Amino acid sequence: MKILALSLLFCTSLAFAEATQVDDFQWDGVERIVAIGDIHGDYDNYMATLLAAGLVDKKGKWIAGNTHFVQTGDIPDRGPDTRKIIEHITKLGKQAERKGGRVHNLIGNHEAMNVYGDLRYVTDGEFEAFVTKNSAALRDRVFEITMQNLKAADEQAFAALPENYREEWDKQHPLGWVEHRQAWDPAWNPEGEYANWVLGKKVAVRINDTLFVHGGISGFYCQNSLASITQQVLGKLRQFDPSNTGILEDEFGPLWYRGLSGVEPTAQEETVDAILAHHHIKHIAVGHTVTSGVIWPQFGGKVIMIDTGISSAYGGHIGYLEITPEGLIGGYPKGKVPLPANDSDLIPYLEKVIALNPGNPYLQERLEKLQMPAEPEVPAQDAGLAGDDSVAPGPKPIPICGTSG
C-alpha cells in the first residue's frame, strides 16, 4: 500500500513537472484549466462560481493546486463590487502560484473602457467603493480647477454657464468619481492602482491547445501573435488618443469582436481553421457574448463561448469551462456535462444542461431554436429585387487570415 501511494505521488509530481511556460503568453502541459467569462461587478456570483469549480474554499482561499484559472475579462461595470473582486482575484493569483497554479486575468473591453475613461456602464456602487471622508473636498477642488481652466480658455463660454451648472456637474461626477479616475486613468495618475493592474495583464493566452481571449480573433488579426495583440492594446491604453483609438474600439479587434460567437458578421469557417492552424491550437475560448446559462460550443467545438452571464446584471447564471486530459466540460452548480464533440450532439448536451437548471427559460428557448428545421438558403441571384442590378456598398471585406497593426 505504501509503495502504491508513493507511486501515485511520483506520477502526480511528474504531471506537475510537465507544465512549462513557453513564453509570457503560452503554457504547455497544464493538467487542469478552469475558465470563466464576464463577472461585471458581482462578487457573490463570482465567489459562487469559484466554489462550484473547486477553486476556493468557503473562505475564498485557493485549494486547486496546480490548476490554471483563466478569467477572460470584463470584471468591471454593471455591478457594485468591481474593486472587491479585483482585490480578491489578485490575492488569489499569489496563493495559486505558491501551490504551483496560476490565475490569468485577461483584458476585456470594460477594463479598457475604465482606463481610457468611457464610464457609461460604471454603477453608483463602483464610485461609492472609492468614497472617503475627504471625497467632497477633493471633488470641490477638481471643480474649482475645471472652472479656472474653462475661464482661462474661453471666458465667453464660462460666462454662459447656466446657474445650475454645478448641480449638473455633480450628477456627472458623484462622490468617489475623482478617486476612481485617480485609480484607473494613467493620465490622471501614472501610479494608479487599477490602471497598472490592467497594464500588467494580457489580451490573450494559450494554455495547452486552447487560446483564451475576451471577444475573439477576427480575420483582420488572424496572423497577429499573442504578444502583438497585447502590445497594441497596452500601447493605446498608455497613450490614449480619442481621435485614434485603434484596436481599443475596433469592432473586429480582440476586445469587441463577436463573430466567433455567431453574431453578424459571423466568422467564416476558413478563418476559424486558419486561427487554429496559426496558433497550433484546437479551441478558442471567448467571453463577451452572453449565452444565458450554458458553456456553448460553436463551429463544431472549435470555439467555446464561456460568458454564461455570471453577473446578476445578466441573470446570475453560474457556469465555467473545465479542461482536463479527459476533455472539455461545462461546469454548473449542480453538476458537470462533457461538451459535445460535434454539432449533431448539441441537443442532447443542452438537454442535460437544462436538466441541471430547469428554471432557466433562456436555455429552453435555445433548445427550441435548435429543434426547428433549418431554413433553406436563398440563392445569391434571387436575394435582390427583380430587375434591380445595383449593388449596395457593403462593409469592408474581412480577410480570411490577415494581420493588423
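Below, each value reflects all heavy atoms present in this structure, side chains not excepted, and no hydrogens, waters or symmetry copies. Note that this is a predicted model, so its numbers are computed, not measured.
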Next on the checklist: Is the ring pair Tyr349/Trp296 parallel, tilted or perpendicular, if the boundaries are 30 and 60 degrees?
Outcome noted: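 Answer is tilted, since the angle falls between 30° and 60°.
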Next on the checklist: Please verify the inter-ring angle class for His317 with Tyr362; under 30° counts as parallel, over 60° as perpendicular, anything in between as tilted.
Outcome noted: perpendicular
Where do [X] and [Y] come nearest, in terms of heavy atoms and distance?
X      : Y      : result
Ser135 : Thr132 : OG-N, 2.8 Å
Leu248 : Leu255 : O-CD1, 4.1 Å
Arg32  : Leu55  : NH1-CD2, 4.1 Å
Leu226 : Ala204 : CD2-CB, 3.9 Å
Phe212 : Ala35  : CE2-CB, 3.6 Å

Next on the checklist: Both conditions, 6.0 Å and 45 degrees, for the charged tip of Arg83 above the ring of Tyr194: are they met here?
Outcome noted: no
Item to check | Arg166 NZ/CZ over Phe143 ring centroid, <6.0 Å and within 45° of normal | outcome: yes
I'd like to check [X] versus [Y] (side-chain heavy atoms, cut-off strictly below 4.5 Å). Are they in contact?
X      : Y      : value
Tyr314 : Arg78  : yes
Leu367 : Leu363 : no
Phe127 : Leu175 : no
Leu321 : Leu339 : yes
Asp273 : Phe299 : no
Arg102 : Trp27  : yes

Next on the checklist: Would you say that more than 12 heavy atoms from the other residues, nucleotides or ligands in this model lie under 6.0 Å from the NZ of Lys302, or not?
Outcome noted: yes
Checklist entry - Counting heavy atoms not belonging to Gln172, are there more than 12 under 6.0 Å from its CD? => result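 Atom CD in Gln172 is not crowded, with 12 or fewer foreign heavy atoms closer than 6.0 Å.
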Next on the checklist: Strictly distance-based, threshold 3.5 Å: is any side-chain N or O of His214 a donor or acceptor partner for the main-chain N or O of Thr72?
Outcome noted: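 Judged by distance alone, yes, a pair lies under 3.5 Å.
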Polar side chain donor-acceptor pair, [X] to [Y], under 3.5 angstrom:
X      : Y      : answer
Asn208 : Thr210 : no
Tyr46  : His88  : yes
Asp42  : Asn45  : yes
Asn114 : His180 : yes
Thr123 : Glu126 : yes
Tyr221 : Gln232 : no

Checklist entry - Taking Arg206 as the fixed residue, which of His280, His279, Gln26 is the one that meets the side chain to side chain donor-acceptor pair (under 3.5 Å) rule? => result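 Single pass found, and it is Gln26.
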Do [Y] and [X] meet the salt-bridge criterion of a basic N to acidic O distance under 4.0 Å?
X      : Y      : result
Lys84  : Glu87  : no
Asp185 : Arg181 : yes
Arg141 : Glu144 : yes
Lys336 : Glu322 : yes

Next on the checklist: Between His110 and Tyr121, is the ring pair (Phe, Tyr, Trp, His ring centres under 6.0 Å) condition met? List the steps.
Outcome noted: CA-CA 8 Å; His110 283 267; Tyr121 305 102; 5.4 Å; yes
Checklist entry - What's the spacing between Lys201 NZ and Ile107 CD1 if we round to 0.5 Å? => result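 Here the interatomic distance stands at 9.0 Å.
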